[in-house]
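Note: hydrogens, waters and symmetry copies are ignored here, and every other heavy atom, side chains too, is used. Residue numbers start from 1 in every chain, and the chains themselves are labelled A, B, ... in the order their sequence lines are given, proteins ahead of strands.
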Amino acid sequence: GAGVSQSPSNKVTEKGKDVELRCDPISGHTALYWYRQSLGQGLEFLIYFQGNSAPDKSGLPSDRFSAERTGGSVSTLTIQRTQQEDSAVYLCASSPDGQGAGYTFGSGTRLTVV
Amino acid sequence: RKEVEQDPGPFNVPEGATVAFNCTYSNSASQSFFWYRQDCRKEPKLLMSVYSSGNEDGRFTAQLNRASQYISLLIRDSKLSDSATYLCVVKSLNDYKLSFGAGTTVTVRA
């Protein structure tokens, strides 16, 4: 597509439920990133994909968080047993090769855990 | 210590004014530097890269001081549409991820 597409744009979930966030990167972009942004905070790196592999998962805050990418394209970020501190905007970005400044962000998923 | 630190502001300036702000970075191996702009409840978008010799893009001027490890952004002749949060971003050589500051908020008033 023309840009990075994320869905849903908003998600309200009850504490303890699992949620799945989706990112559809720009076609042909091999690098895909997940960040999250809490209110008034900077962007926190979560995970990076190069193709389908994730060489760096170090940013995932706990084992409740996981992500996968299939076909070198769509990625899903799954949060199990959500907690209130998981409430944030989850941003996905893609870039042609993981180098340089060619990050394009999606508009994010605003997750609220109640 | 955070990798990238910024004065959160807010900087409230009248239209037509000049506003400038800095950020500092802690990793001396940082090689690439950028300013991103983020509007309220929107995603960040690249404003400009920052080069060692300093660079301009219209009303925006970016400077890099490697010795002191800080980056600056100056906005001349401020417009109402410049109101946003400006994110300072750094990247290390051979690193794939960008490190973001928490942002400096600028509000331009009529």
Side-chain angles (χ1 to χ4, degrees), chain A residues 2-7 9-10 21 23-26 29-51 53-60 67 88-112, chain B residues 1-10 21 23-27 29-52 55 57 60 62 64 71 73 84-105 107:
Chain A
V4 178
S5 177
Q6 290 189 247
S7 62
S9 54
N10 281 284
L21 313 180
C23 172
D24 198 345
I26 291 173
H29 279 195
T30 60
L32 185 147
Y33 311 80
W34 283 98
Y35 284 79
R36 76 175 174 182
Q37 188 173 30
S38 301
L39 189 63
Q41 303 297 313
L43 274 71
E44 176 189 1
F45 169 77
L46 298 179
I47 190 169
Y48 157 70
F49 286 93
Q50 182 60 250
S53 64
D56 187 351
K57 303 179 182 179
S58 63
L60 294 177
V89 176
Y90 289 81
L91 290 158
C92 175
S94 70
S95 76
D97 56 7
Q99 303 296 322
Y103 260 44
T104 302
F105 280 92
S107 55
T109 294
R110 185 173 299 275
L111 175 66
T112 304
Chain B
R1 183 183 174 189
K2 292 181 181 177
E3 188 167 350
V4 183
E5 302 219 40
Q6 296 184 247
D7 180 347
F21 41 89
C23 88
T24 57
Y25 60 94
S26 60
N27 186 353
S30 297
Q31 292 289 332
S32 302
F33 309 90
F34 315 95
W35 284 102
Y36 274 65
R37 171 192 171 126
Q38 186 172 26
D39 293 300
C40 189
R41 300 177 77 88
K42 299 287 189 181
E43 72 274 21
K45 293 184 178 177
L46 178 65
L47 177 67
M48 60 193 298
S49 300
V50 185
Y51 302 118
S52 296
N55 51 296
D57 184 358
F60 297 82
L64 168 64
I71 308 150
L73 182 66
T85 296
Y86 292 85
L87 306 175
C88 179
V89 183
V90 304
K91 181 176 178 294
S92 299
L93 186 66
N94 296 324
D95 197 358
Y96 44 79
K97 69 178 185 290
L98 302 179
S99 296
F100 289 78
T104 296
T105 299
T107 302

Original post:
Picking from B:L87, B:L98, B:V89, what satisfies side chain to side chain contact (heavy atoms under 4.5 Å, CB included) with A:L43?
Top reply: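 Exactly one candidate clears the test, B:L87.
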
**OP:** Under 4.5 Å, counting heavy-atom pairs only, tell me which of B:G103, B:A102, B:G101, B:P44 racks up the most with chain A.
**Re:**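 With the most close heavy-atom pairs to chain A, the winner is B:P44.
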
Subject >> Option in B:Q6, B:Q38, B:K2 with maximal non-hydrogen atom pairs under 4.5 Å from chain A >> reply: B:Q38

Original post:
A:E44 versus chain B, heavy atoms under 4.5 Å apart: side chain, backbone, both or neither?
Top reply: neither

**OP:** State which residues pass ring pair (Phe, Tyr, Trp, His ring centres under 6.0 Å) with A:Y35; sequence neighbours excluded, sorted by chain then number.
**Re:** A:F45, B:F100

**OP:** Report yes if some heavy atom in the side chain of A:F105 is under 4.5 Å from a heavy atom in the side chain of B:K42; otherwise report no.
**Re:**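 No - every pair of side-chain heavy atoms lies 4.5 Å or more apart.
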
Original post:
For A:S9, what residues pass the side-chain contact (heavy atoms from CB on, under 4.5 Å) criterion, not counting sequence neighbours?
Top reply: none

**OP:** Take A:Y103 and B:Y36 through the test side chain to side chain contact (heavy atoms under 4.5 Å, CB included) and record every step on the way to the result.
**Re:** CA-CA 10 Å; A:Y103 260 44; B:Y36 274 65; 3.2 Å; yes

